[in-house]
Amino acid sequence: MRLGAPLNLTDQLFPETIVPVLVPLPSDRPYSYTVPEGMAVRPGAIVQVPLGPRQVAGVVWDGPIDAIDAKKLRPITHVFECPPLDETMRRFIDWVAEYTLSPPGLVVRMALRAPAAFDPEPWITGIEATGEAPDRLTAARQRVIAAAEEAHAWSKSGLAHAAGVSVSVVDGLIKQNVFRITRFPPPPAVAEPDTGYGRATLSPDQAKAAGDLVAAVEQASFAPILLEGATGSGKTEVYFEAVASALDQGKQVLILLPEIALTQSFIDRFDARFGAPPAEWHSDVPPRRREAIWRQVAEGRVRIVAGARSSLFLPFQELGLIVVDEEHDPAYKQEDRTFYHARDMAVVRASLGGFPVVLASATPSVETRVNAGSGRYAHVRLKARHGDAALPELALVDMRRHPPARGRFVSPVLATEIKKTLQRGEQTLLFLNRRGYAPLTLCRVCGHRFQCHNCSTWLVDHRLRGILQCHHCGFSMGRPEACPECGTLDHLVACGPGVERIAEEIVEDFPDARTIVLSSDIAGGPRRLRRELEAVADGEADIVIGTQLVAKGHHFPKMTLVGAIDADLGLANGDPRAAERTFQLLHQVTGRAGRTGLASHGLIQTFQPQHPVMQALIAGDPENFYESEIDERRRSALPPFGRLTAIIVSADTRADAENHAREIRKAAPEAPEIEMLGPAEAPLAVVRGRHRFRLLVEATRRAPIQSYLRATFAKAPRPRGSVQVQIDVDPQSFL
DNA sequence: CTGTGAGATGTA
DNA sequence: ACATCTCACAGA
C-alpha cells in the first residue's frame, strides 16, 4: 500500500496527501506531514522533516494518521536516497516501544543513530586502464602498467606509489589515454566473508550440534535455539557453521556479543574461519566508519555484523540469523533511556522476521534454561571439552576451617597452591570482584564510617590513587589522616578486601613473583588494559589479581591456578538473580584455568560451602545449579516463575522516590500485587545521585499497569527528571 | 519594573 | 531532544 493514497475523512480535510512520520522525540505516536507535489514516499522511507525550528530525520510510518488542525501541517523537506526500513523492522520498533513502555519515537532514534548515512556515500575518483598502449614505453611507464594489472581500480597516487614512480608519470599516461579518470562506488566497509575459507574440523559432538543449527537455518522459519556447551567445547565453531549456512543462502547475519571492546580474539577467530573480519558495531567505532557500515548494512553490501546490543537496530534488509553469544551476560540489558534486554529483543526480531536465533552460553540464564526445558526453545548441547582442553579440578576452601591470618584474605590452602604453581613456572589468577583497596573505612576510636554525601553507600578506599570513592555516583574525596567525627589522627582502618589489598598481601608473601592488578579503573584506560591482558597472555606475569573483567576474552595459555578470594561476595546483594550471577561468574572465572593442556586447579574460598552455588560448582555440572535454582525460584515466585516485572521508580530524593512508588501502588487498583521491596531485598540504589526504587509486580497485571503508567506519567504533569519506568525482562510473556 | 532562570510545554 | 514560553522572585 502506498501511503498518502486517499485516506477516508482526513483526505477531505487536507488538500494534499498526508503521511505519518515517526520523529525522534518522545511522542506516543507518529506526526502527520504533507507530501509535496512530485515527491514520492512510502512506509519506511527515511525523510527530513521540519520540527519546530529545526530539521530532523524521521521515518515514514504506516497505520492511521491523526486528524489534526490543517494549519499545523508542514511538508516533508527531503526524502533521503536510502533504502527504506522494511516492514519487519518497523513492526520490531513498534513492538519494542510497546513492550518497554517507551515512546516509539525514542526507539526509532536508536535505528537512526548514523546521521550522515542517510544520503549515499560519495563515489571515489580514480583511474582505470583503457587498454590502449602509450606511444613511448619507458621503464617507469612499464612499471605503472604492470602494477595497474594487479587491480581494476586505482587512485592516481595509489598507483604511482605501488609502481614506485612519481604521480607525473601516471599523469603522462592519462594524457596519452592509457588510463582514464572514472568514478568508482565507495569501497566496501569490510571484505565479503568466504564461507568455504577456514572450515574447521569438527568433533562428532560438534558436527551433530552444527547440523541441528544448519537445519534450522535451512528451514528459514522462527526457531529459538539454546546452544549450551562448557567453556572450550567449541560453541563458536559450531555456530559459525550456522552463520556460513545463512550466508550461503544469501541472508545477512548478526552476531551479538556482550562487550566487543575486549574481544579482539573473537575477531581473529572469525577472520580465520571466513577469511575476513566481520563489520564491528559498538560505541568505540569511529563516526565515519559507523556511517559506512550503517549505510552498507541497509544496502545489503555488509553481510555480517558482530556487534553490541545496539546492532539489533541496524537496518538489515535480509536478516536470516541472529546469534546471541554469552546470552546470559547482564550487559545485554540496557538500563538507561530506553530499557530493553537485547537477548530477548533478538528473539522477538527473529520471531517477526521468521528466522532462527541461537542463544549460546556455557552458563545460560535461568530464563533461557526454563524456556529450553519447557520446549519453547530448542536445546542443543555440547558435552565434551574439545581437543586437549581439560576442565580444571575445582575445590572449595572452607574459610571457617582454614582462616587466613588476621587482616589477611588468602587462605593458607590457596597460598600453598600459589607457591607450587610459581615453582612450576605457571600462572595464577586471583579473582575478587571488588575494585580498590577496601570497601569500607572506619575510625577505630569513634566508629565513624566514611559514607558518600549523595548516596547511602560506603566510600571505597582507592589507596593507589589516594582517594575514597563512591562506586554508585562517582563522588570522591582525598583520604584524610584524621577522623572527621572525633578528630583522632591515624586511627582510620580499612575493612574488607579489594584487589589492591590482595596485591599488597601477595607481594609481601611472594616478593619475587611478577604480580599485576587488572581492574577497569586501571590508569591508562582501556588501551593500557588491553596491552596488559596481552602481556599476561604472553606469560609476562606470574600472579594476576583481577576483577570480573578477567573472566572473559583473553586466552591465557599458562594459567593453571585460579583462586576465587571471596566467592560469597555476590550472593547477598538483594538481586533476585544474585545466585545465578555468582554461579555464572565463578564458573567463567575458574574456567580460565584448564584451557592449557596442563593440569589445572580452581580453589574457591567460601564461608558457605553448602550453598547450592558452591556445591554445583565443584560438581562440575551446571545441571545441579539449574535444578536447585529453578526450584528455589519457583518456590519464591522469582523470575521467571513469578513472571515478575520490575518497575524502577527513580527520583532525586529518597522521599520523592518513595512517594512516587506509593502513588503508583495507590492509583493502580487493578494492580494490587505491586509490592515495594525493602532494602533487604531490593536496596534503594542511588545511581548518579538519583534514588531508585524497584517495584515488583505480577507480569500478568502488565496491561493495566502499562495503561496506568502511560496515563499518569506520559502526560502532564510530566515527570521530568523525577520518575523513570523500567520494565524488567520477562521472557515468558512475549512468545 | 526589568532581568534571570528553572520548570512546563509543544513540536505535525 | 530541544527550542520556546511562563511565572516566581531578586535586585533596583
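To find a chain, count down the sequence lines: A is the first, B the second, and so on, and within it residues start at 1.
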Can you tell me how far the CZ atom of R309(A) sits from the CE atom of M345(A), to the nearest 0.5 Å?
-> 12.5 Å

Residue list, salt bridge (Lys or Arg N to Asp or Glu O under 4.0 Å) with R449(A), at least two apart or on another chain = none

Separation of atom CG in L106(A) from atom C1' in dC2(C), rounded to whole Å | 13 Å

Among residues two or more places apart or on two chains, list those pairs meeting ring-ring contact (aromatic ring centres under 6.0 Å, His included) that have a residue in residues 298-322 of chain A.
-> F92(A)-F313(A), F313(A)-Y340(A)

Got a sec, which pairs hit ring-ring contact (aromatic ring centres under 6.0 Å, His included) with one end in residues 28-51 of chain A, sequence neighbours left out?
-> none

Give the rounded distance in Å between these two atoms: CG of L22(A) and P of dA12(B).
-> 15 Å

How many Å lie between CG on L25(A) and C1' on dC2(C), as a whole number?
-> 9 Å

Heavy-atom contacts under 4.0 Å between residues 46-58 of chain A and DNA chain C, which residues?
-> P53(A), R54(A)

For the pair made of CH2 in W61(A) and P in dA12(B), what is the distance, rounded to whole Å?
-> 20 Å

Figure out the CZ/P separation between R109(A) and dT11(B), and round it to whole Å.
-> 19 Å

Scan residues 107-121 of chain A for pairs that pass salt bridge (charged side-chain N to carboxylate O under 4.0 Å, His left out), counting only residues two or more places apart or in two chains.
-> none

Sequence neighbours left out, cut at 3.5 Å: what donor-acceptor pairs do the side chains of residues 19-27 of chain A make with other protein atoms?
from	atom 1	to	atom 2	distance (Å)
S27(A)	OG	R29(A)	N	3.2
S27(A)	OG	R29(A)	O	2.8

Nearest-Å distance, CD1 (I68(A)) to C1' (dG10(B))?
-> 12 Å

